[in-house]
Amino acid sequence: MSNTSSGASVKTAVDGKPPKKKKVKYSSGHSSMTKRSLRKWCWLFIGPVFASFIIGFIWPFLQGIYLSFCGKFNIISNAHLQGFENYVKAFSDETFFHSFWFTALFAVVSVVLINLLAFSIAYALTQGVKGSNLFRTVFFMPNLIGGIVLGYLWSMIFDGLLDLWTSQNLVDNEVYGFWGLIILLLWQQVGYMMIIYIAGLQAVPDDMIEAAKIDGATKSQTLFRVIIPNVMPSITICTFLTLTNSFKLYDQNLALTGGKPSRLTEMLALNISNGYSNMATRGMAQAKAVIFFIFVAALGIAQLAATRKKEVQQ
Amino acid sequence: MPGRYRVNILEKVINVKKTTLKRAAALGLTALMAGSALAGCGGNNSSSSTDSKAASNTESKAADGAKGSVYWLNFKPEIDETLQTLAKKYKEDKGVEVKVVTAASGTYSTTLTAEMDKSNPPTLFVIGNQQGVKDWGDFALDLKDTAIAKELNTEAYNLTDANGKLVSIGYCYECYGIIVNPTLVEKAGHKMDEIKNFAGLKTVVEDIHKRAGELGFDAFSSSDMDDSSSWRFTGHLANLEYFYEEKAAGKTWTECPATITGEYLPNYKNLYDLMINNSLAAPTDLSAGGHNAEEEFKTGKAAFFVNGSWEYAAVSETVPNAVMIPYYCGVEGEEKAGLNCGTENCWAVNANVSKEDQQATIDFMVWLVTDPEASKTMVEQLGIMPYKNAAESTNGFLKNAAAYDADGCYVMDWATNYQPNVDEYRKDLVSALNAYNADQSDANWEGVKTAFVDGWAKQYKAIAE
């Protein structure tokens, strides 16, 4: 999950670039013929992707919203509008609230820790340490392993470690479960965020740092007054990714604790999907999913707006 | 501009030259287009082929006086291969198309939801318990007086709805209990005859466990509490409590009761304690899982194994004389107990498909339970089929069940099938049992009791409309 979302944002940002360049190129060099045929044929290129986006995302999304207002249903064509009952049920579901607070706490802790660690490592690895390329690769690698596999692997590691000083296992105690998830996510995501920070740090103009040095700035002054304001765009991206990833976390949660003990380590996404398996709670799960979407979208946008304000122009 | 800046960063992230980036993007786009184009073609192809199939179907229907086809949505992945072979054979013998689709393990309900919405829904599907009757009963044809219903030799595994409609009929049944290796019991100087009730079982088990080092094997195989194994205790073993509650009340449940009393929970505890404390694995290791109970039993490391009749094929490879005994748990009169027998394998015929398809489906079902070869193949896979003309069972554990039956012992029916909101109910029970396994205190047993009894009421309420 986390991989796809971060991958997608990378792609859109990269995709966003070429047209700008092309525009310049075509308007200066090529005739308006090329432009016209491009306009004529662009649907052939965009069409398939656009169609699959509608089939795979827009349509199910709209249908999901519709179903959240329906009464108990077994097949979708049997669903009938009922009103806001599912939303009332969702808001009075204790497990949903528990999941919400658990997830919120998890998100806060993981956003802070991941970004602090990732930035520190990135900073260390841009100081010209020997073998920093090797370190970058090694730190990035955990990101290549899928969440389910990671969950099962780490559950074995944690159980082995816990065995040294307690008779309880990871799934017996929600505190262990919480920190287990945090450690797992750190291990997986720090490397990825580190790469983004490294790129940001390398983009800080050397003359700025040199100027700061000449002006007599100390190392920490340079870091906080020059470097960090200049890497704000990286911080924006990284906080956005970690925040949304933490809220949407599903496979790692499923594989590591599965919500045990007694749904106490169940995060929002898992809580929603567990509700879908039972016909009686299906509509409610759908309503929860809509609430979840609105919440994560609002949070993401708010965060982007807040950190963007801090970005400096070069 | 922050946007542009971000792109800069990302280029550095990917760390490639712009040309390479462009080329990569172009390649990616081409691949994507090719992919979607292919997908498009595939979709078209398949739909056109089904269209033509449908067309030819209607043609042939018109030609040879309405011949339907069968679509079985199967829920047991382990019998998929057998069913595909049988479907092919049926096509060769009778010329009727049989399509078998198997839902992946644990996804039957969602698969059924999706399939039922299609223009060619399953004609044959599974309604395995009362909850299923409530959820899917409207889709089921009344099987009363149909050819397949007349083949049954017992009504015990049928499911009816509140109006008496025969919604689904069992096509096989299963039993669970405690699987025992008699050779090991005798090696330890005991006789199988000693085990006639809980006291007898306890003596033998505790003696074997005490001398495990000297004997080279232990009493019980491990009772893991991870998802691959916990159902043996939160589903099967729990049945003894529900069953004796039913028995004490003098009537079998026909729908999920709103509450249970937990009156026989001490008996559940008797057997549970015996299992976890006289076993190869330490109780504190159970929540993490990772033991292989079947392997422990098969390789002669343990003499007792809690499981069901479906294990016969695997177990009898190395322990051909393995027998299954009832859950002895210290209830009065349990010397007359039999095995836990029941089923969730019940056929329902879709009421919303054409008459021809319904008829073809029923014909196919009759063939499966009457044709000597087909029913033999089915019985080998499923253990036993409750039909007059079906092949005889070769399953040793089901023979044990029949022997108990013949001795006048009571069958412990599957009251466990009524567990409300079953996944959630069992999850809570697993957590409570894990806490108890880690520390067998009275307080922790209270937790189990809460999950078992109060949890029932809580989950009943959660799914009540």
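Side chains included, hydrogens not; waters and symmetry mates left out as well; all remaining heavy atoms used. Just so it is clear: chains get the letters A, B, ... in the order the sequence lines come, proteins before strands, and each one is counted from 1. None of these values were measured; they are calculated from a predicted model.
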Looking at [X], I want to see if its [atom1] is surrounded by more than 12 non-hydrogen atoms of other residues, nucleotides or ligands under 6.0 Å.
X	atom1	answer
B:Lys165	NZ	yes
A:Glu85	CD	no
A:Phe50	CZ	no
A:Phe73	CZ	yes

Rounded to the nearest 0.5 Å, how far does [atom2] of [Y] lie from [atom1] of [X]?
X	Y	atom1	atom2	value
A:Leu264	B:Asp428	CG	CG	8.5 Å
A:Met279	B:Thr113	CE	OG1	5.0 Å
B:Lys118	A:Ser77	NZ	OG	12.5 Å
B:Asn437	A:Asn169	CG	CG	10.0 Å
B:Ser287	A:Leu170	OG	CG	9.0 Å
B:Lys427	A:Asn274	NZ	CG	3.5 Å

For this session: Determine, stepwise, if the pair B:Asp226 / A:Lys260 fulfils salt bridge (charged side-chain N to carboxylate O under 4.0 Å, His left out).
Result: CA-CA 10 Å; B:Asp226 64 320; A:Lys260 277 180 245 180; over 6 Å; no
Problem set entry | Proximal component of B:Glu424, with respect to chain A [non-hydrogen, under 4.5 Å] | side chain
Problem set entry | Atom group of B:Ala114 that falls short of 4.5 Å from chain A, counting heavy atoms | neither
Engaged part of [X] at the chain B interface, taking heavy atoms whose separation is under 4.5 Å:
X	value
A:Asn74	both
A:Tyr276	side chain
A:Thr281	side chain
A:Asn173	neither

Problem set entry | Side-chain donor/acceptor of B:Asp117 to backbone N/O of A:Ile76, under 3.5 Å | yes
Exercise. Under a 4.5 Å cut-off applied to non-hydrogen side-chain atoms, are A:Glu174 and B:Ser431 in contact?
Worked result: no
Problem set entry | Close side-chain approach of B:Asp285 to A:Asp163, heavy-atom, < 4.5 Å | yes
Exercise. Who are the ring-ring contact (aromatic ring centres under 6.0 Å, His included) partners of B:Trp231, not counting sequence neighbours?
Worked result: B:His236
Problem set entry | Candidate pair B:Asp135 and A:Lys72, rule salt bridge (charged side-chain N to carboxylate O under 4.0 Å, His left out), full reasoning | CA-CA 10 Å; B:Asp135 292 343; A:Lys72 194 180 164 188; 3.6 Å; yes
Problem set entry | Residue selection (most heavy-atom pairs with chain A, distance under 4.5 Å) from B:Val430, B:Thr110, B:Asn421 | B:Asn421
Seminar exercise, completed: Most heavy-atom pairs under 4.5 Å with chain B, out of A:Asp172, A:Ile198, A:Asp159, belong to A:Asp172
